[in-house]
Amino acid sequence: MELVGRLRDGDEDAFVMLVARYHQPMLRLARSMVSSEAVAEEAVQDTWIGVVRGIERFEGRASFKTWLFRILVNRVRSAATREQRNAPAESPQAVDPARFDAQGQWADPVERWPQQSDDRFEAAMWAPILKAALEDLPSRQRTVVVLRDVEGMSSEEVCSVLGISAGNQRILLHRGRSRLREMLDADWRRG
Amino acid sequence: MLLLRPKDIACRQAVELVTDYLEGTLSRGDRRRFEFHIRGCPNCSAYLEQIRMTIQATGTVGEDDLTPEARDDLVNLYRRWKSK
Ligand SMILES: [Zn+2]
């Protein structure tokens, strides 16, 4: 990446452009892992310093974003041994087992959401509900959902950033997405 | 040819296959069973659609910009580091 080469040469504009591109995604990732805003911000700042110092060591084998996020995850993890986000219990089922009958069929029909028949579905309208719902996820699920569905990273990238297996990544994604759907669903029911 | 009916997997199993299906990691047989179930089951098909909408909506959560203050802080940090 050209910007990385310019950063290596000490080009401040390149630094500013990289910050503009990655700072918010890095904060979101850090916040998904720890509850303290101060710890998250400090880890992101540390990461920027580490990147500027260690840019020589970036080999271009992984994408810059993956490399950057991996450094951040390490910083957050070492800070998080001191400060851990308390994790709500992880539910192993995508859907509350009580919603199925003895044969495993839905006991009551799945209620369609009002927007499901609307072809002008405005996904952005739900952002506030989803932000709150993300806060309620167990930390590991939240981190995977943030990287996959908010940042749009591939499963391979997420595995590499977090150092987890493909199977584990899929389980966390599955539980996280299922839980978010459940919370949106509960939101419609409340009306 | 084996004829599969929607009941061949239960709804309770179908909802657990949704992510593997969307990730493209189901075996061919499981994918066929899953798709067959979805076609025959309005509940699971509504459920799958809700998961897709959830994913799409989650993608809009990140649209916030860097504040000028935060950017300036970092630029100052960079300059301090460079002048060392
Ligand atoms: Zn079904």
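Labels below follow one simple rule: chain letters A, B, ... track the order of the sequence lines, proteins then strands, and each chain is numbered from 1.
- No donor-acceptor pair under 3.5 Å is formed between the side chain of A:Q103 and the backbone N or O of B:A10.
- The closest donor-acceptor contact from the side chain of B:R31 to the backbone of B:Y21 lies at 3.5 Å or more, if one exists at all.
- Among B:I51, B:D73, B:T67, the residue making the largest number of heavy-atom pairs under 4.5 Å with chain A is B:I51.
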Exercise for review: May I have the step-by-step check of side chain to side chain donor-acceptor pair (under 3.5 Å) for A:Q169 and A:R148, ending in yes or no?
Suggested key: CA-CA 10 Å; A:Q169 190 264 167; A:R148 286 295 308 276; 3.0 Å; yes

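- Contacts between A:L27 and chain B at a heavy-atom distance below 4.5 Å are absent for every atom of the residue.
- For chain B, the nearby parts of A:Q93 are the backbone and the side chain; heavy atoms of each come within less than 4.5 Å.
- Between the side chain of A:R75 and the backbone N or O of A:D46 there is at least one donor-acceptor pair closer than 3.5 Å.
- Using cut-offs of 30° and 60° for the angle between ring planes, the A:F64 and A:F58 rings count as perpendicular.
- With a threshold of 4.5 angstrom between heavy atoms, A:R170 approaches chain B through its backbone and through its side chain.
- Enclosure of atom CD in A:E122 is not indicated, since only 12 or fewer non-hydrogen atoms of other residues, nucleotides or ligands lie within 6.0 angstrom.
- Interface residue B:Q56: backbone and side-chain heavy atoms are both found under 4.5 Å from chain A.
- Taking the six-membered ring for Trp and thresholds of 30 and 60 degrees, A:W126 and A:W113 have ring planes more than 60 degrees apart, a perpendicular arrangement.
- Heavy atoms closer than 4.5 Å to chain B are found in the side chain of A:V16, but not in its backbone.
- Between chain B and the options A:E151, A:R181, A:M125, heavy-atom pairs under 4.5 Å are most frequent for A:R181.
- Looking at B:T25, only its side chain comes within 4.5 Å of chain A, counting heavy atoms on both sides.
- Both the backbone and the side chain of A:Q45 come within contact range of chain B, each with at least one heavy atom under 4.5 Å from a heavy atom of that chain.
- For chain B, the nearby parts of A:L180 are the backbone and the side chain; heavy atoms of each come within less than 4.5 Å.
- Per-residue counts of heavy-atom pairs under 4.5 Å with chain B were compared for A:P109, A:A166, A:A20; the largest is that of A:P109.
- In summary, A:D9 and A:R6 do not engage in a salt bridge, as defined by a charged side-chain N under 4.0 Å from a carboxylate O.
- The candidate from A:G10, A:P97, A:P25 with the greatest count of non-hydrogen atom pairs under 4.5 Å with chain B is A:G10.
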